[in-house]
Each structure stands twice: as structure tokens, then as C-alpha cells.
Amino acid sequence: MAADHHYDPAEIEPRWQQVWADEGTWQVPNDTGDDPTSYVLEMLPYPSGEPHIGHLKVYSVGDAVAHFHRRTGSRVLHPMGYDAFGLPAENHAIKTGQHPRDSTDAAITEFQRQFRRWGISIDWTREFGTHEPRVYRWTQWIFLELFRHGLAYQKEAAVNWDPVEETVLANEQVVDGRGERSGAVVEVRQLKQWFLRITDYADRLLADLDSIRWPEHVKTMQRNWIGRSEGAEVVFRNEELAVDYPVFTTRPDTLFGATFFVMAPEHPDVLRLVEGTEQEAEVRDYVNRALTADKALRGDLDKEKTGVALGRTVTNPVNGEELAMYVADYVLMEYGTGAIMAVPAHDERDFAFAQAYGLPIRRVIGSPQETAGSPCEDELEGLPYTGDGPLVNSAPEFDGLHNRAALEAIVRWLDREGKGHSSVNYRLRDWLISRQRYWGTPIPIIHCPRCGAVPVPDEDLPVVLPDVEDYKPRGRSPLAAAEDWVHTSCPRCGGAAERETDTMDTFVDSSWYFLRYCDARNDSAAWDPDVVARWMPVDQYIGGVEHAILHLLYARFFTKALADLGHLPDEIQEPFAALFTQGMILRDGEKMSKNRGNVVSPKTLVQRYGADTARSYILFIGPPDQDADWSDSGVEGMHRFLGRLWRLAAEAADELPDDRVPDIDPARPDDERLLRKAHWAIDKVTTDMSERFNFNTAIAAVMELLNEVTPVKRGEASPGAVRFTLATAASLIFPFAPHVATDAYHLLTGERVWEQPWPSADPEYLEAPTFELVLQVNGKVRDRVQAPSDASRDQLVALARASGRVRQFIDGNEIVKEIVVPGKLVNVVVRPAA
RNA sequence: GCGGGCGUGGUGGAAUCGGUAGACACGCCGGCUUUAGGUGCCGGUGGCGCAAGCCAUGGGGGUUCAAGUCCCUCCGCCCGCACCA
């Protein structure tokens with residue numbers, strides 16, 4: 001026996017990687033004929049520094065899926081690229097003066113190097129970064145398509161303004177209401193900005209969730225984010241100033257219970273309403289405090305309700321009552337119309353406010369227990385009451401009606417009287433894409449004093465990001481400093497005009513990159529719709545759950561909008577047919593971070609153990625959708641396992657007769673045992689990969705298989721059976737540890753495992769002639785015996801009664817019944833004899 | 001506060017449909033081999049008990065012949081959202 005076989009991933013892995021690179025093994029043409037296709041995609045990585053352990057995990061999962069799909073008969077598109085625009089590179093540039101392009105390209109080079117070292121099966125011919133002009137040219141084209149069809153528009157919106165840096169801050173740069181760098185208290189500023197009309201798609205984004213295979217909790221999060229609610233818009237009028245204030249309510253049935261009226265501090269009319277009155281100073285003060293307060297804090301303390309009376313009233317359209325107006329920060333400008341009718345009897349927040357300010361409370365819905373005959377009219381007990389019941393204290397035509405029925409009746413009445421109408425409201429807001437940043441896709445618009453916002457003609461795309469000397473915004477976007485670039489002529493009238501200096505949110509880039517992969521080299525169009533039709537939708541999308549809302553919602557919106565505009569086949573309404581969300585890798589129960597100094601570097605890991613060990617271990621530590629705790633000692637176990645597989649394969653190869661496939665003798669008990677275990681493992685791994693993503697148990701099954709074929713355990717098995725078992729183990733572990741699997745398989749068979757179809761389990765070997773029958777008395781296991789697999793229920797009961805250990809527990813007792821679970825157990829239920 | 005998860009040996013985890021709790025691995029203990037070994041191989045390993053056996057899936061209760069799995073309740077932890085009218 002050759003004792004000098006030594007598992008050396010540093011030799012094996014580069015050798016096969018070279019073959020794959022030389023032969024372009026993972027490249028896939030767009031013309032795939034009639035072959036079934038599959039598109040496997042991991043979420044686009046942001047290239048910064050070098051890849052972290054999360055990248056290794058997501059690509060270990062994705063690569064396993066891609067390999068499995070290939071070997072089960074599909075042509076697989078498995079591309080990658082880089083989400084190359086973004087804030088960290090820009091901050092780095094502000095600090096060091098290094099161009100963001102340079103630091104980003106350096107990171108990309110490092111990503112390329114490590115991904116190749118990991119042996120991920122990527123079609124590198126389709127690689128791109130979103131910062132390349134040949135790519136963002138089409139990002140700009142998509143923006144213009146949306147603009148031309150009314151889906152992109154400008155309006156004023158509030159931003160976080162750092163008065164010291166003279167910069168707009170991202171939410172994540174605001175810490176406790178202060179700028180992250182400057183420490184200055186952040187102000188609210190209104191800026192004219194670009195929006196995309198995602199709210200037009202709210203209903204379809206909601207409805208089509210039913211058509212995709214996504215984790216239920218992600219769908220729930222998206223549904224809640226869109227937040228559709230049905231109700232009515234009701235108009236309350238201020239007679240003094242003759243202004244109408246519409247409000248949205250989900251509870252028009254409680255209109256008769258409205259006792260006051262509240263506006264959000266941001267509501268543009270609040271200050272106008274008190275101008276020149278004695279309330280002005282107090283209201284102004286309150287509004288200022290509300291606007292500058294930490295947004296999180298404003299929502300936080302649900303105890304203290306604060307507000308100020310405006311000294312004005314509005315009229316309740318259903319009964320003509322005058323309701324006092326207030327401003328209070330519990331009302332949000334972003335939701336509904338920024339003003340509400342307050343019904344303290346049936347809303348908890350309104351109730352708390354009414355209590356704090358001594359405002360009237362009127363019950364208009366009785367509790368369901370009360371009969372119509374005895375409504376508890378002035379009974380404030382049990383309030384606020386948010387349940388259902390009959391209407392009371394409302395108009396005669398509605399009193400006594402169940403509130404659900406009354407709701408519709410009241411809306412109909414409002415509609416007839418022209419005082420309101422039924423209405424649907426969404427929590428979802430339009431997508432603000434303007435960024436006052438340098439490192440992003442320029443918005444391809446020219447502002448002309450005469451023609452307004454004019455699109456850059458398609459033939460002038462891309463609008464290339466100009467070089468600037470200073471990346472720091474000084475009161476405006478950094479692009480404004482490139483004056484030669486800014487000053488241009490209007491494409492429409494030829495007059496002097498200026499370019500838009502905002503760039504786009506990087507979520508725009510990642511909302512369509514998956515389409516570009518399909519046709520990445522196309523320089524005459526963003527993609528060819530026929531080519532996209534071949535690959536889309538993505539069959540399996542994989543990424544972190546932190547993108548459950550924004551990225552995934554934006555990508556869905558883009559797909560629908562592009563289909564509507566005729567750029568995608570109509571049937572492609574969803575970008576990602578199936579989604580898998582992976583958990584984080586923790587260390588000592590904590591997130592890995594540079595601050596904590598507990599980072600595990602994939603580079604070091606791969607250098608020390610090889611890519612196969614690193615990838616397999618990450619998949620082995622737990623179900624990939626759950627968070628997993630890293631342990632250094634566990635890696636050694638995986639390395640030992642792969643080493644054992646390779647060594648056994650190398651030794652078995654030495655013993656194989658030259659140029660001859662050895663026979664297997666199923667009559668030999670040890671051969672039969674190995675065959676059974678091998679087919680069991682094939683079945684187990686196949687199920688784990690196709691029906692669930694439990695790679696940890698799939699790998700465990702291969703470990704079991706290998707344990708069965710060690711020199712001691714294999715017994716008298718023939719060389720053919722040993723070879724088959726080891727080759728099967730290599731074949732099954734290939735999606736997780738492609739290099740060692742390939743090498744071991746090649747040693748044993750001379751074949752390339754990736755060219756072999758996925759093994760299929762022979763049902764004959766999955767069924768054993770006997771099984772272990774568990775015998776219970778009163779639900780407790782008392783014995784186990786071998787039983788024929790085809791035994792009848794009576795035979796199984798007979799076996800149970802024949803067991804001495806069972807009899808010991810039933811003797812002297814009365815048998816009440818016998819439960820038989822075929823193939824599993826017999827449970828004898830007894831009770832003491834009378 | 002609302003929504004969604006989770007809680008199993010010393011550790012990571014397994015138990016896929018209500019049917020043998022602890023697969024597989026780490027760690028630990030013992031042995032063999034090689035000893036240059038931090039290699040390799042074999043065996044043991046939930047707790048209590050000499051044993052028969054009993055007890056064990058965060059705590060308590062329930063349903064059931066049978067509960068880690070279903071129901072109620074309490075505790076703890078994690079994630080998301082946050083006064084959504």
C-alpha cells in the first residue's frame with residue numbers, strides 16, 4: 001500500500017482551475033439550442049478591500065446550486081460582476097484624494113484573484129462593473145426611458161443637511177441627529193430631486209408576490225413595506241380661510257366619533273394657519289423642535305403624546321361639527337395626507353392624545369355583546385375600543401348598523417354628497433434616486449432655462465463622469481465643480497444650458513444588472529430581448545436577507561416597468577423566480593467586524609486549508625439560511641475528511657487492475673452493504689440539494705458513506721465495489737469541493753466528474769428486505785427486533801408479543817390496544833388488570 | 001409596541017409527515033501505528049445509577065397510544081419595522 005499519498009490542495013486546486021480556465025469550462029453561449037437552461041445568481045458584491053467571509057458563503061451556496069443544475073442537465077448561466085459605485089469609495093477619496101475609480105479597480109482586481117482561487121464556476125466573459133461607461137450608458141438609457149414615460153419626475157424633498165460640511169448626508173451617516181464626521185447637528189433642507197414612480201406599481205408588486213418562490217417571511221416583509229390599506233378620503237373644511245383638508249382614514253365608520261383634527265409638523269399649512277395669531281410663537285417653536293428631533297426618537301416613546309393647538313377649526317362633513325385643530329408629531333407627513341381626523345374612542349394614539357389634553361371622547365361603536373336596544377351611550381369604559389360592533393351616537397340612518405356595513409354606507413353617502421370617496425393608500429413612497437455625490441451614474445438630463453428638463457439624446461450617451469479635483473461637496477453636488485462639463489447647450493433649442501449634477505442611487509445599477517449579464521457584450525443595446533427571454537427570470541437568486549426590502553423591491557419594479565415599455569418579453573414580470581436568503585457567519589455569537597477584531601479572512605483560510613475545505617466547512621456548520629457560529633477547530637475536521645477521501649481514492653486507484661473496470665459482486669455481503677450505502681447517499685444528497693438547501697446534511701451523508709468504506713470497515717468488499725463507493729462519494733461532494741472531487745474521481749475512473757450526469761439512486765438498493773422494528777409499551781421503547789419489510793400488521797404485532805422484554809412489561813396487565821406504524825414501530829398500550 | 005424567527009449534549013448541529021432524541025462533525029478520554037510529529041487508524045463519549053432502570057429538547061400546563069415537533073402560558077435571545085390614521 002502506498003503510504004506516501006498526501007492530500008495537497010495547494011497542488012490539486014490550481015491544476016484543475018487551470019484546466020477550467022484554459023477550456024472555458026463554465027462559459028455558456030447564448031445560443032443554447034433546445035437545451036434546458038438555468039440562471040443561477042448571487043447578489044452583486046460591492047468591491048471594497050477584499051472579499052469577506054460572507055462572500056465566500058454566498059458563492060459557496062450559489063456554486064453548489066450551479067454545479068447541481070449543470071449535472072442534472074441544464075445549461076447554466078452563472079455570471080458575476082461588481083456593484084462598483086458607492087459611498088465607501090467616495091469617502092475614501094475625500095480622505096485620501098485617491099480617485100474612487102482607482103481604489104475600486106484595485107478592489108476588483110483583488111476580488112477577481114480570490115474568486116478564481118476559490119474555484120467558483122463563473123462565466124468570466126460576462127463580467128462587468130457598474131462603474132464602466134459601457135455599462136452605465138445603459139443605466140442612463142433606462143432612466144431616460146422611465147423619464148420619457150412619466151415614471152421619473154422631479155419634486156422637492158427633505159434631505160439631511162450637515163451645515164459644517166455643507167453636505168447632504170445619507171441616513172447611515174447621521175448618528176444621534178449629528179453628522180458622522182463633523183458632529184454637527186443635522187438640519188432638514190428641501191432640495192429638488194429625482195424620483196421614480198414605484199407607487200404606480202404598488203398593486204402589481206403586491207399581487208405578483210404570489211407567483212414567486214421566495215421565503216414567506218421575505219414576502220411578508222415586502223407586503224408590509226408596500227402597506228396597502230383600503231379606506232376613504234374625507235374632506236374637512238376650514239371655513240375661515242376657505243381651505244379643504246382631505247384626510248385618509250381606514251375607519252370611515254367612526255367619522256361621527258371625530259372630536260378633533262391633527263396635522264403633522266411638516267404639513268406646509270401648519271405655519272400659515274397660525275400666522276399672525278397668538279398661537280404662532282408656540283406652534284413655530286413646537287414645529288422646529290419636532291423637525292430637528294431625532295427621527296428615531298420621535299417614533300420611539302409611545303407614552304408621551306405632545307402637540308399644540310392651532311386655534312383654528314375644521315368642519316366634520318358628516319355632522320357639521322367644528323373640530324379643534326392641533327399639530328402633533330404623532331402624525332406623519334409621509335403617510336396619507338399628513339393630517340388626520342382624531343377618533344379617540346376607537347384609536348389608541350388619538351385616545352392617548354385626548355387624555356393628555358383633556359379633549360372630548362365620544363363612543364360611536366358599541367361592543368358586540370350589547371344588543372341594539374341597550375347601547376351604552378356615554379360609557380367610556382373599555383375605551384379605546386378598536387373592535388367591531390353596532391354603530392351608536394351616529395346619524396339615525398346609521399345607528400344600529402354593524403360597523404363593517406356602516407363603513408360602506410358612509411362612504412357611499414360621502415361620495416353622493418361630494419365630501420369624500422373610497423380610496424386606497426400605500427405606505428410605499430416613490431423612490432428618491434438623486435444623490436449629491438460624485439461616485440455614481442450621472443443623471444442624463446440637461447436643464448434649459450427655456451425648455452426645462454431635457455433628456456440627453458441617446459446618441460450622446462453615455463454622459464461620462466467628469467474628473468474633478470475635489471470629491472467633497474461644497475453646498476452642491478461635487479459634479480458642479482466640473483464647470484466645463486456642466487455648461488453645455490440645450491439639445492432641443494441649442495441655447496445655453498446646464499447639466500444635472502446629481503448622480504443616481506446605486507440601487508438603480510443593481511436593479512437591472514441581472515439583465516445585462518444575459519447579453520453583457522452588447523454595445524448596440526442594453527440587451528437583446530430574445531437573448532434575455534432565453535435566460536430570464538433568474539432561476540435561483542441567492543443573497544443576504546438584509547436586502548429583503550429595498551434591492552429586491554426595486555429590481556421587481558424595474559422588471560415590470562421595462563416589460564411595460566416593451567423592452568422585456570411580457571411574460572417576464574418577475575426578475576427572480578426563486579430566492580434563497582442566507583444567514584450571517586458569526587464568531588462567538590457576534591457579528592464579525594474589524595472593530596471587534598474577530599474577523600476570519602477567507603484569504604488566510606484558503607491559503608491554509610485550500611478552497612475546498614473552506615467552502616465545504618462553511619456549508620457544513622449549519623443550514624445556510626441560518627446564522628452560523630464560526631469555530632476554528634471545526635475546519636480541521638473538514639480538512640481531514642477531504643484528505644481521507646482523496647487518500648482512499650489514490651490508494652484504491654493504485655490497486656485497480658490496469659485498463660480494466662473491476663467487477664462488482666452484489667452477492668457478496670460487503671459489496672451489497674457498500675452499494676446500499678452508496679445509493680442511500682445518492683438519494684439523500686439529491687433530496688437535500690433539490691428540495692431543500694440543507695447542504696450540511698448532504699455533506700454529512702457523504703461523510704457517512706466514506707466512513708463505510710475505510711479499509712477496516714469495507715471488509716471483504718471487491719475492488720469494484722470500493723471504487724464505485726469512493727467515486728460516488730467524490731461525485732456527490734463535487735458541488736461543494738469541486739477540486740478534490742474532480743481529482744479523486746479522475747484517479748478512480750479517468751473521467752471528468754463535471755462532465756458526468758448527476759448519479760441517480762437505484763430504488764432496488766434503497767429498499768432493504770428487513771428493517772429494525774421498534775417495540776414500545778405505553779410509548780416507551782422496550783425492544784428492537786429485525787422484521788421483514790413486507791410484514792403484515794398482524795405479523796408485526798406477533799413479533800411484539802413474542803419479545804421477552806415486551807412481555808415483561810405487559811405481563812399482569814390488560815392490553816388496551818396495539819398501535820402499528822408499518823415500517824416503524826408497534827406500541828402496546830396496557831393498563832393494570834382490574 | 002407590532003411583525004417574523006429562535007431556544008436540543010462540553011460545542012456546531014441532526015431528527016424532512018406527531019412515531020427510536022442526539023445523525024455528521026468539533027472537543028474530550030482510551031488504545032494502536034509512526035514516532036520528527038500538532039500525522040494516520042481503532043474504540044468510547046447526554047445526565048444519574050453497580051444494575052434493572054430512571055431522567056432529559058428554555059420553565060410550567062394541555063391534547064395524544066405516542067410531543068423537540070401541535071395548542072396555551074411564562075422566560076430568554078435574535079432580526080425587521082416603528083405612532084401607518
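Per chain, numbering begins at 1; letters A, B, ... match sequence-line order.
- At a threshold of 4.5 Å between non-hydrogen side-chain atoms, the residues A:Leu552 and A:Met43 count as touching.
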- Secondary structure of RNA chain B in dot-bracket form (Watson-Crick or G-U wobble, distances below 3.5 Å, | marking inter-strand pairs): (((((((..(((......[....)))((((((.......))))))(((....)))..(((((..]....))))))))))))....

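- Atom-to-atom, CG of A:Leu642 to C1' of B:rA25 comes out at 12 Å; the value is rounded to the nearest Å.
- One finds a side-chain N or O of A:Arg640 lying less than 4.0 angstrom from the OP1 or OP2 phosphate oxygen of B:rC26.
- The existence of a salt bridge linking A:Asp203 and A:Arg228 is confirmed by a sub-4.0 Å separation between a basic side-chain nitrogen and an acidic carboxylate oxygen.
- Taking atom P on both nucleotides, B:rA14 is separated from B:rG4 by 23 Å, rounded to a whole Å.
- Annotated as anti: B:rC72, whose O4'-C1'-N torsion sits more than 90° from 0.
- Cation-pi geometry between A:Arg782 and A:Phe809 is met: under 6.0 angstrom from the ring centre, within 45 degrees of the axis.
- Rounded to a whole angstrom, the distance from the P atom of B:rC29 to that of B:rA67 is 38 Å.
- Classification of B:rG9 as syn follows from a glycosidic angle within 90° of 0.
- Nucleotides B:rG7 and B:rC17 are separated by 15 Å at their P atoms, to the nearest Å.
- Taking atom C1' on both nucleotides, B:rA25 is separated from B:rG13 by 8 Å, rounded to a whole Å.
- Between A:Phe236 and A:Asp244 there is no side-chain heavy-atom pair separated by less than 4.5 Å.
- Pairs passing the salt bridge (Lys or Arg N to Asp or Glu O under 4.0 Å) check and including a residue from residues 701-712 of chain A, sequence neighbours excluded, read A:Arg673-A:Glu708, A:Lys677-A:Glu704.
- Taking atom P on both nucleotides, B:rC74 is separated from B:rG1 by 12 Å, rounded to a whole Å.
- The side chain of A:Arg647 lies closest to B:rG40, out of B:rC83, B:rG40, B:rA23.
- Residue-level contact check: A:Val829 touches the backbone only, with heavy atoms under 4.0 Å from sugar-phosphate atoms and none from bases.
- A:Asp625 has its CG atom 14 Å from the C1' atom of B:rC79, to the nearest Å.
- Look at the P atom in both B:rG68 and B:rG58: the space between them is 10 Å, to the nearest Å.
- Distance, A:Lys713 NZ to B:rC42 C1': 10 Å, rounded to whole Å.
- In this structure, A:His551 places its NE2 atom 18 Å from C1' of B:rG80, rounding to the nearest Å.
- In this structure, NZ of A:Lys824 is placed 14 Å from C1' of B:rA21, rounded to the nearest angstrom.
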- Task: Kindly indicate, with the supporting measurements, whether the criterion side-chain hydrogen bond (donor to acceptor under 3.5 Å, both in side chains) is fulfilled by A:Asn694 and A:Asp688.
- Result: CA-CA 5 Å; A:Asn694 287 11; A:Asp688 281 347; 5.5 Å; no

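- For residues 215-223 of chain A, proximity to RNA chain B is found at A:His217, A:Met221, defined as any non-hydrogen atom under 4.0 angstrom from a strand atom.
- The interatomic distance linking A:Glu230 (CD) with B:rA85 (P) rounds to 12 Å, in whole Å.
- For the OP1/OP2 pair of B:rA23 and a distance below 4.0 Å, the side-chain nitrogens and oxygens of A:Thr697 include no atom meeting the criterion.
- The residue A:Asn827 sits close to a base: some heavy atom pair falls under 4.0 Å.
- The distance from atom CG of A:Leu648 to atom P of B:rC41 is 8 Å, rounded to the nearest whole Å.
- Within 4.0 Å of A:Gly637, counting heavy atoms only, lie sugar-phosphate atoms of the nucleic acid but no base atom.
- To the nearest whole angstrom, the two C1' atoms, one in B:rC42 and one in B:rU33, are 10 Å apart.
- Atom CZ in A:Arg429 sits roughly 10 Å away from atom C1' in B:rC84 (whole-Å rounding).
- In this model, the phosphate group of B:rC24 is not approached by any side-chain N or O of A:Asn707 to a distance below 4.0 Å at OP1 or OP2.
- Between B:rU11 and B:rG19, the two C1' atoms lie 29 Å apart (nearest whole Å).
- A:Arg251 comes within contact range of the sugar-phosphate backbone alone, with a heavy-atom separation under 4.0 Å but no base atom that close.
- A:Phe353 and A:Thr306 make their closest contact through CE1-O, 3.5 Å (heavy atoms, listed as atom of the first residue, atom of the second, distance).
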